[in-house]
**Q** 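Right, I'll just put the structure down here and ask away after.
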Amino acid sequence: MDPSVLRRRHPFALLLALVALAASPACGGGDSGSADTATPADTADTAAPADTATPADTAEADTIAPDTADTALPLDTVLGPLTCGAESAAAVAGCVDEAAIAADVAAVAVARPAGSAGWQSVQDLCADRLASLGFSVARDDWGGGVNVIGTRAGESEPDVSVVLGASYDTTPRLDEFGRACRGADGNASGVAGLLEAARVLATRDTARTLVVACWDGGGNEQTGARAWATAAAKAGRELALVVDLHAIGFASAAFDSQTIPESWRGSFASTAQAIEDGGSRGDFVAAFGNELAAGPTARVADYAALSERAVHTFALPRDLATSRDAAWAEREGSHAPFWDRRYPALLLTDTASLRNPDYDCAHGLDTGSTLDPAFMKVVVESAVGVVGEALDATGNAPTAGLSDTCDLLAQDCDDGERCTLIATNLPAACEPVHDGVALGGTCNHPSDLVGDDTCGPGLRCASWGLGGDGLLPPEQCLSWCDAATDCGAGEACHVVDRLPDHGVCSPTCDPFAVGGCGEFQVCATSHDMAHPGWAFFCSPATAFLGAEGGGCYLHEDCQDGLGCHAGVCQPWCDADHPCPDDRACDPVMDGVSVPGLGTCAPG
């Protein structure tokens, strides 16, 4: 089966009460240690929640690749208390304003799916704020959305950039009461942290160029960041570090408020055990970095320790950072496209749905009332510190990233060769043509590699979107496409295999035409790279196949002709297909191929 038919289900933590950390962060020395939090002795009179573990001095940095230890930066500066100033990166980190972050969360936490009024207002906020701080601002329309890019040139190494980013759009998902998702933690918290970091970083001159980016397309496979990262790599642009802020606002000291995915137990066993030994509390900062960013990732612990905050750092080697087997939380952010392009990048996060039950409006409206401004302040201080050090040319050596050796759409290989993507974690390359099967022809894979197939140039062997009479639809040669390429009539560019920049042109289907997709398939929504939003494709049905009124999580969990509405299978509806029994037709998402599409409210 085409691996793209397997839809990843997001893990969600148990719905637990948020325990607010009432004590203000205190400043203290940051001696190196081996535990996960820091509480200086002179703060012993500060009351802590009864279920908070006794912290020590700094955080454990876990890695699954012993040979990545040599890539750590020789940053031996001992950080002292964070006091506001402009003489160093650490001093600037001390200028972060908790109240400013909270105010921006409130401003950004509005429903903002692609193309909506809320989306436009937050885009404008990013542009206006960065311009007011002295950044040169550009609105980067990449064909499927608009990135807001602020640039502040460096003095001695202006051709080397450090990128700080956060995605600003939201999911079009409605909560269980039919209200639009406000996305406070997904990702108003990251945008608010980004804007505050930009403010303090702009107060001092630096050696390298600072790029601050509000990324669009975060809810659509990070397509905005992917477009920018791809263009940067193809232009040979040198980046010293990329830091992404995604879901940085939720913390809970309650027992079992942190879900530990099985992938952590295997790949990061010591960290998973430490979290579990501490009561599985969701009160730590998580930093995920690829091996090229091992130094800054470890350095996050030094900054977080100064505010007595637990932190866990995860150093991912290349094969895991770019793998589809990575845990969802490890790639849920706009850092992932830079990992794929072999740039040094790290994610700062509260671990999103692994901790916050309201993230992405899964079990609630995701409003700012659930977030912890003091926690966000610590994350932003850490971001400012590591970004500031990289800007001072004390961080990573710059890299130009990986550009494609050939173009999947242009097919610029020699005769007898085709440009294909052999694996999702490698760039496209010229390979010999096997059989040269034409568009629409039946194909196969001589090996298990993604792009090693019998199709001709410009084609990829896939089953996605194709109807069939059995559980396994036939694989056919489909055309490659990308976010800037429209497919033919009756087709859309379907994201497959978590590819960095590409999809395949797949036939769309009509959600009201019951049985149009063949046995064991349903007509369900998925991402369309050629247009912002979603389209309908024939998808393999899950094992649930709920009837009307049955439980569901994905649209594929429901029988043909039904969509998943607030966890219940209900008929699709629009102006031409009214609901039975005069029930309301509730919109389910924007930008789908059927205007005004909704699902019927439960009877």
Side-chain angles (χ1 to χ4, degrees), residues 7 110-119 169-183 219-220 360-366 465-467 487 489-492 494 506-528 530-542 544-603:
R7 297 286 300 275
V110 296
R112 49 193 189 281
S116 68
W119 170 85
D169 57 319
T170 57
T171 174
R173 177 183 295 160
L174 303 180
D175 77 345
E176 58 185 329
F177 301 107
R179 299 172 298 184
C181 185
R182 296 173 65 179
N220 188 9
D360 214 18
C361 291
H363 299 289
L365 200 54
D366 192 11
L466 300 173
C487 297
E491 294 181 328
H494 180 262
S506 303
T508 56
C509 56
D510 182 353
F512 300 107
V514 177
C517 284
E519 190 177 7
F520 301 115
Q521 294 193 341
V522 293
C523 186
T525 57
S526 190
H527 293 303
D528 172 16
H531 307 89
W534 286 257
F536 280 85
F537 301 90
C538 293
S539 307
T542 68
F544 297 98
L545 281 180
E548 182 175 349
C552 59
Y553 178 67
L554 302 172
H555 294 310
E556 292 92 320
D557 296 337
C558 301
Q559 292 178 2
D560 211 7
L562 305 176
C564 190
H565 178 104
V568 180
C569 293
Q570 297 292 343
W572 293 110
C573 56
D574 64 9
D576 297 324
H577 300 83
C579 294
D581 305 322
D582 295 325
R583 285 184 281 159
C585 183
D586 291 338
V588 292
M589 60 186 67
D590 294 330
V592 295
S593 57
V594 182
L597 184 76
T599 50
C600 297

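Counting begins at 1 with the first residue of the sequence.
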**Q** My understanding is that only one of C600, P578, C573 makes a side-chain contact (heavy atoms from CB on, under 4.5 Å) with R583; could you say which?
**A**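 Of the listed options, the one satisfying the test is C600.
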**Q** When you measure from the side chain of W572 to the backbone N and O of T599, does any donor-acceptor pair fall under 3.5 Å?
**A**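 Looks like no, no N/O pair under 3.5 Å.
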**Q** Quick one: closest heavy-atom pair of L365 and A180, and the distance?
**A**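 Of all heavy-atom pairs spanning L365 and A180, the closest is CD1-O, 3.3 Å.
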**Q** Given C585 and C579, is the disulfide bond (SG atoms under 2.5 Å apart) satisfied, shown in steps?
**A** CA-CA 6 Å; C585 183; C579 294; 4.6 Å; no
**Q** How about F536 and L597: do any of their side-chain heavy atoms sit closer than 4.5 Å?
**A**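 Answer yes - side chains close enough.
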**Q** What closest approach, in Å, do D574 and D576 show between heavy atoms, and which atom pair accounts for it?
**A**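 For D574 versus D576, the nearest heavy atoms are OD1-N, 2.9 Å.
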**Q** Please give me the minimum heavy-atom distance between C569 and D557, naming the atom from each residue.
**A**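 Of all heavy-atom pairs spanning C569 and D557, the closest is SG-O, 4.2 Å.
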**Q** What distance do Q559 atom CD and C552 atom SG have between them, rounded to the nearest 0.5 Å?
**A**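 Answer for the CD-SG pair, Q559 versus C552, is 11.5 Å.
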**Q** Test disulfide bond (SG atoms under 2.5 Å apart) on C523 and C509 and set out the steps.
**A** CA-CA 6 Å; C523 186; C509 56; 2.0 Å; yes
**Q** For the pair R112 (side chain) and T170 (backbone), establish whether a donor and an acceptor sit closer than 3.5 Å, ignoring hydrogens and angles.
**A**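 Not a single qualifying donor-acceptor pair exists.
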**Q** Ignoring hydrogens, what is the shortest heavy-atom contact between A492 and A535? Give both atom names and the distance.
**A**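 Looking at all heavy atoms of both residues, the shortest contact is CB-CB, 4.0 Å.
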**Q** Restricting to non-hydrogen atoms, name the atom on D366 and the atom on D360 that form the minimum distance, rounded to 0.1 Å.
**A**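 In terms of heavy atoms, the two residues are closest at OD2-N, 3.7 Å.
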